Visitor: 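Quick one: the structure is below, questions incoming.
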2 protein chains.
Amino acid sequence: MPKQVDYESRRRRIAEAVCVLADAHGPEGVTMRDVATRAEVSLGAVQRCFRTKEEMLVFAVDHVGARVTERMRARLSGAPERSAATALEHAATEIALLRSAHRAEARVWLAFVAQAAVSEPLAARLRISYAALQDLLARLVTEAVEVGDADAPDAPDPSDEPGDGGAARLDPQREARALLALADGLTSHVLIGHLASEEAEDILRAHVVRLWERPRTSRPGQAARAE
Amino acid sequence: MPKQVDYESRRRRIAEAVCVLADAHGPEGVTMRDVATRAEVSLGAVQRCFRTKEEMLVFAVDHVGARVTERMRARLSGAPERSAATALEHAATEIALLRSAHRAEARVWLAFVAQAAVSEPLAARLRISYAALQDLLARLVTEAVEVGDADAPDAPDPSDEPGDGGAARLDPQREARALLALADGLTSHVLIGHLASEEAEDILRAHVVRLWERPRTSRPGQAARAE
DNA sequence: CCAGATCCGATACACTCGTATTGAAATAAG
DNA sequence: CTTATTTCAATACGAGTGTATCGGATCTGG
């Protein structure tokens, strides 16, 4: 058994290069040769790792998706008990990739999303990542609701907050979906330059805050039409 | 003055072809030759209309943006007095391009958004369209708030709805931005296949409804942190 | 040290792309 | 009818693409 190389790490390195280039020129604009150069390997090596270009792009999508999910999971387990509400806010901000540090990742993600509308294999991978993110968000929502919003909203008089009885009416999955979509939309608008990232963060914050403000919807007779 | 051609209509016809193709293969995948074929003109004719490919794409973006804006404006003036709240909901749905009839337009839009993150001239055009849409939405929000939500929410007892005094605290521009972002995010998630269009519509509806449920935020002392 | 498998860098190939060129058809004015 | 001018179809061209091929370098097991 002769020469052996660590394909896994090489694949990751290549995926990294793909991201850098996709950030600059869009995923269609990514060239095998450029990837090879950027990853400091030869074109032949890239071809050995991925039989085809699409295979490479799919791997890169998974890579980015895993990174985002992982970062969020880390954030989630980092401060689990502190305040589920603010944790949710942070998580959403994280997903929105608004921190300029992750601007590149955001562009890559958006580019892949766009191409996924055309390429089914890419779309399949994206769905996996989205499902994971949505689940995480839904869990956060549930947790935040159950724990109660004791320390998150700074309304120290719980007089007109009848416990979490009302908040329980939130559908965590639904809210997670909404949050995810809002985050994605904000991200793209920031990238286009239609929004400043501060504006986007404000909007996201306002949306999350609204989740805890609302819970007196328990007033009956209204749910009928809303659902 | 010899042979003269109506360039404007030809340009529109070409833009239409661009949309069809961009829907199928993404905007990068659009080829001058394919456009020419699809538009039933020769490659030379396309080249006479647009000096370069990017010029053509930019025109196509404007074309789509104008169409969406126009459709929304029509919807706006079609039933102006009926109910600002439901008008808002309809407008948002319209923007989200969720009706399957406009699925193609949605794909085109998303594709262009993605590429705009890389191409500044495209981004500039998109910003114009977004600004127009946001303004329209903001106007709708304002209108809905001022008119009062008398007939929109079917809570016929205005006992605990202290007029629109609280609703006035809504920042229409902010809400318009949020709505626009949410609509875009939902659109892309539907295109990816992560959401069904009914789910997306539900989420959008819930978001709009929430705008009218909330208005007792007038309780002071909270804006400090929230903003 | 040798055999044999594995890896990969270089090169080749077939293609497609955007764009430039060009010469003929079409048309309006003289 | 000429003639000047515009329009465009056909073609050419060079750059750049993904992928296939292949010969030598590299390393392991004996």
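Quick caveat, the model's predicted, so the values are computed rather than measured. Naming: A, B, ... by sequence-line order, numbering from 1 per chain.
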Visitor: Using only side-chain N and O atoms of B:Arg48, determine if any of them is under 4.0 Å from OP1 or OP2 of C:dT19.
Guide: no
Visitor: Salt bridge between B:Glu120 and B:Arg127, side-chain N to carboxylate O under 4.0 Å?
Guide: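 Answer for the salt bridge query: yes.
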Visitor: To the nearest Å, give me how far apart CG (A:Asp6) and C1' (D:dT26) are.
Guide: 17 Å
Visitor: Can you name the closest pair of heavy atoms from A:Cys19 and A:Val64 and give their distance?
Guide: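 Result for this residue pair: SG-CG2, 3.3 Å.
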Visitor: What protein N or O atoms touch nucleotides 17-20 of chain D N or O atoms at under 3.5 angstrom, if any, and at what distances?
Guide:
from, atom 1, to, atom 2, distance (Å)
D:dT17, OP1, A:Thr31, OG1, 2.7
D:dT17, O5', A:Thr31, OG1, 3.4
D:dG18, OP1, A:Val30, O, 3.4
D:dG18, OP1, A:Lys53, NZ, 2.8
D:dG18, OP2, A:Met32, N, 3.0
D:dG18, N7, A:Arg33, NH2, 2.7
D:dG18, O6, A:Arg33, NH2, 2.9
D:dT19, OP1, A:Thr52, OG1, 2.6
D:dT19, OP2, A:Lys53, N, 3.0
D:dA20, N7, A:Gln47, NE2, 3.3
D:dA20, N6, A:Gln47, OE1, 3.2

Visitor: Give a yes or no on whether the backbone of B:Glu89 and the side-chain of B:Thr93 come within a donor-acceptor separation of less than 3.5 Å.
Guide: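 Yes, because the side chain of B:Thr93 sits within donor-acceptor range (under 3.5 Å) of the backbone of B:Glu89.
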Visitor: To the nearest 0.5 angstrom, please state how far the CG atom of B:Leu180 sits from the OH atom of B:Tyr130.
Guide: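 The OH atom of B:Tyr130 is 6.5 Å from CG of B:Leu180, to the nearest 0.5 Å.
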Visitor: Rounded to the Å, how far apart are A:Arg13 CZ and C:dC8 C1'?
Guide: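 In whole Å, C:dC8 C1' lies 15 Å from A:Arg13 CZ.
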Visitor: Please check: side-chain N/O of B:Ser42 versus main-chain N/O of B:Gly44, any donor-acceptor pairing under 3.5 Å?
Guide: yes
Visitor: Need one value for B:Tyr7: base, sugar-phosphate or nothing, where a base atom within 4.0 Å counts as base even if backbone is also close, heavy atoms only.
Guide: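 Sugar-phosphate, no base atom in range.
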Visitor: In Å, rounded to the nearest 0.5 Å, how long is the span from CG of B:Asp62 to CZ of B:Arg125?
Guide: 4.5 Å
Visitor: In this structure, how many angstroms lie between the P atom of C:dC17 and the NE2 atom of B:His25, rounded?
Guide: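 It is 10 Å, rounded to the nearest whole Å.
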